[in-house]
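The structure displayed is predicted, hence computed values, not measured ones.
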Amino acid sequence: MAVQYERIKKTIAALAAYGTLPQGGTTRLSYTAEYLAAQAFLQREMLESGMLAEVDPIGNLIGTYVGRNPELTAVMSGSHLDTVPAGGNFDGALGIVAALECVRSWQEEGYRPKRTVRVIATIEEECTAFGMACFGVRVRGGEFKKQQPESIVHLTGGSLAECLQAAGLPHSALQDAAVGFQDLAAFVELHIEQGADLEERGLTCGAVTAIVGYDRLFLTLHGEANHAGTTSMRRRRDALAAAAEVILGVKELAEADDRFVATVGQLNVTPNAVNIVPGKVQLAIETRAADDRVLAEVRAKIMSLLERTASKSGIVITKENDFHVAAVPLSESVRKVIEQSAAGCGVSFQAMPSWAGHDAQIFAASGVPTGMIFVPSINGVSHSKEESSDFQSVTQAVKVLEKTLKTLAEV
C-alpha cells in the first residue's frame with residue numbers, strides 16, 4: 001500500500017499527546033517521563049511495522065527494517081523526538097513519523113529493500129537538557145566517549161548520570177553508545193523548514209544543499225557612566241548609544257546581502273538606570289551563512305563597523321569571546337536522488353540551504369552521505385504552539401522520502 005495521509009496525521013497527533021500543555025503546544029524534554037512514554041509508543045509502532053527496535057545506551061531509539069542483503073551498510077532516516085519548551089508538534093517528530101510511514105507502506109506491500117533501512121528517533125537535539133545541540137547523535141559519533149556522565153551537568157541541576165539512571169540506561173552510556181557511523185551508506189532527514197521560503201513560493205518541498213554555519217561575537221562596549229541630567233550631550237561617552245549604532249549597522253549589512261542573516265539578540269546594559277548615562281554594554285552578534293567564506297567576509301565588515309563606531313564615539317570596544325561553527329555541505333549525490341524522486345512524484349521543489357541546525361549536520365560532518373527534505377511551515381512559524389504544516393504537502397513530501405530511501409537502499 002502507498003503512504004497514507006490519515007495515518008501520518010494520526011501518528012503526529014498521538015505523539016503530540018505526550019507532553020501536551022493546557023494552553024497549547026508541547027513540552028517533551030529529553031529523559032523526562034513524557035519523553036520516555038513517547039519513546040515507548042514509537043517503539044511499539046516500529047515493532048508493529050515489522051522492524052526490530054531498541055534504545056541505544058544514550059537514549060536514541062532505532063528501528064531496523066532488515067534488508068535482503070543485511071551485510072551491506074544501511075540507509076537511515078529519522079529526526080529528533082525532543083521538543084523545545086512549549087514547542088510545536090512537527091519539529092523533529094514529523095521526520096520520525098515520515099520515516100516510520102515509509103517502512104509501514106513497505107511492510108504492507110511486502111517489499112524488502114536490498115539494504116537494511118533504519119529509523120532513528122534521536123534524543124536531546126534541542127539542547128534544552130545540557131546546553132549542547134544534537135547531543136544524542138554526537139554521543140553516537142564518539143565525541144564524549146572520554147567523559148563520565150557526572151561531568152555533564154543538566155541545565156536545571158543534576159547531571160547526565162542521574163538522567164541515565166532514571167531512564168534505566170547504563171552509566172557507561174557515553175562509551176557504549178559511541179558506535180560511530182561506519183555502518184551507514186546514507187542518512188536522510190525530513191524536517192519542517194522552520195522558515196517561510198517554501199510557502200511563499202508555493203512549493204511542496206525543499207532539497208537542502210547545506211546547513212549553515214554561524215559566527216558569534218561577544219563584545220563589551222566601555223563608555224563612562226555619568227549623571228543623565230548634568231552631563232551635556234557633547235561630553236557623553238554613552239555605551240548604549242554606541243551599541244545602537246552597532247546593532248543598526250549589523251542590520252544594514254545583512255539587509256544588503258541575502259547570503260547571510262545577522263542578529264543581535266543579547267544585550268546587557270550597566271548600570272541600567274533611568275537617570276544614568278550607560279557606562280557599559282555587553283552584546284552578542286550572530287551571523288549565519290551556508291558558506292564559511294561568506295562568514296569570514298561578514299566578520300571583516302563587522303570589525304570595520306566596530307572600529308568606525310569606537311572612533312566616532314570615544315567608546316572602547318573589546319572582544320570577550322567568539323564562537324564559530326562551520327557550515328556543513330550536504331551530499332550532492334543524495335540531493336540529486338531527492339530531486340529526481342520529487343520530479344518522479346510530480347512534487348514541486350527547490351534546492352535551498354537550511355538556516356537552522358539539525359542532526360543531519362552531525363552525520364554529514366562525520367562523512368555519511370547525507371540529505372535533507374524540507375516541508376513548508378505555515379507562516380514560517382516554528383518553536384511555537386502555532387507551528388504547523390499542511391498535511392497534503394506533508395504527505396507529498398513523505399512520498400518523496402519513500403522514493404528516495406527506496407532508491408538509496410537498492411544501490
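- Counting only distance, with no hydrogens or angles, the side chain of Arg138 and the backbone of Ala133 share a donor-acceptor pair below 3.5 Å.
- At most 12 non-hydrogen atoms from other residues, nucleotides or ligands lie less than 6.0 angstrom from NZ of Lys403.
- Every residue was checked against the ring-ring contact (aromatic ring centres under 6.0 Å, His included) condition with Tyr5, not counting sequence neighbours, and none meets it.
- Judged as a ring-ring contact (aromatic ring centres under 6.0 Å, His included), the pairs with a partner in residues 387-408 (not counting sequence neighbours) are, in order, Phe90-Phe391.
- With sequence neighbours left out, the salt bridge (charged side-chain N to carboxylate O under 4.0 Å, His left out) criterion links Arg140 to Asp56.
- Between the side chains of Glu320 and Thr318, a donor-acceptor pair is found at a separation under 3.5 Å.
- Proximity of Asp82 to Ile123: side-chain heavy atoms (C-beta onward) are nowhere separated by under 4.5 Å.
- Looking at Trp106 and Glu402, their side chains do bring a donor and an acceptor atom within 3.5 Å of each other.
- Of the possible donor and acceptor atoms, none in the side chain of Asn379 sits under 3.5 Å from a partner among the backbone N and O of Val381.
- Taking each heavy atom of Gln361 and His358 in turn, the nearest pair found is OE1-N, 2.8 Å.
- A salt bridge links Arg335 and Glu339; the closest N-O separation between the charged side-chain nitrogens and carboxylate oxygens is under 4.0 Å.
- Geometric assessment of Lys319 against the ring of Phe218 yields a negative cation-pi assignment under the 6.0 Å and 45° thresholds.
- Without hydrogens or angle criteria, Glu387 side chain to Asn89 main chain gives a donor-acceptor distance under 3.5 Å.
- Within a 6.0 Å radius of CD in Glu150, other residues, nucleotides and ligands contribute more than 12 heavy atoms.
- Taking the six-membered ring for Trp, Phe135 and Phe144 have ring centres closer than 6.0 Å.
- A salt bridge links Glu109 with Lys406; the closest basic N to acidic carboxylate O contact falls under 4.0 Å.
- At least one donor-acceptor pair closer than 3.5 Å links the side chain of Thr370 to the backbone N or O of Val368.
- Contact check on Arg115 versus Glu410 returns no salt bridge, with no Lys/Arg side-chain nitrogen under 4.0 Å from an Asp/Glu carboxylate oxygen.
- Minimum interatomic distance between Ala289 and Ala327 (heavy atoms only, all atoms of both residues): O-CB, 3.8 Å.
- A salt bridge does not link Glu224 to Arg236: none of the charged side-chain nitrogens sits closer than 4.0 Å to a carboxylate oxygen.
- Looking only at distances, no side-chain donor or acceptor of Asp215 sits under 3.5 Å from a matching main-chain atom of His324.
- Side-chain contact, Asp91 with His383: a donor N or O sits under 3.5 Å from an acceptor N or O.
- Looking at Ser313 and Arg237, their side chains never bring a donor and an acceptor atom within 3.5 Å of each other.
- Heavy-atom contacts from other residues, nucleotides or ligands closer than 6.0 Å to CD of Gln147 number more than 12.
- No hydrogens or angles considered: a donor-acceptor pair under 3.5 Å links the side chains of Thr11 and Arg104.
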Assess whether ring pair (Phe, Tyr, Trp, His ring centres under 6.0 Å) is satisfied between Phe181 and Phe187, documenting all intermediate values.
CA-CA 10 Å; Phe181 306 111; Phe187 176 76; 8.7 Å; no
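- Residues Ile8 and Val3 are in side-chain contact: their nearest non-hydrogen atoms beyond the backbone lie under 4.5 Å apart.
- Atom CG of Asn275 sits in a crowded spot, with more than 12 heavy atoms from other residues, nucleotides or ligands closer than 6.0 Å.
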Tyr18 and Phe41: CA distance, side-chain angles, deciding distance, ring pair (Phe, Tyr, Trp, His ring centres under 6.0 Å) verdict
CA-CA 9 Å; Tyr18 297 100; Phe41 163 78; 5.8 Å; yes
Would you sort out whether Arg288 and Glu286 count as a salt bridge (Lys or Arg N to Asp or Glu O under 4.0 Å), showing the intermediate values?
CA-CA 7 Å; Arg288 297 191 183 206; Glu286 182 193 81; 2.8 Å; yes
Carefully, step by step, assess Lys336 and Glu332 under the rule salt bridge (Lys or Arg N to Asp or Glu O under 4.0 Å).
CA-CA 6 Å; Lys336 286 182 178 178; Glu332 185 176 353; 3.7 Å; yes
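- Residue Arg68 places its CZ atom among more than 12 non-hydrogen atoms of other residues, nucleotides or ligands, all under 6.0 Å distant.
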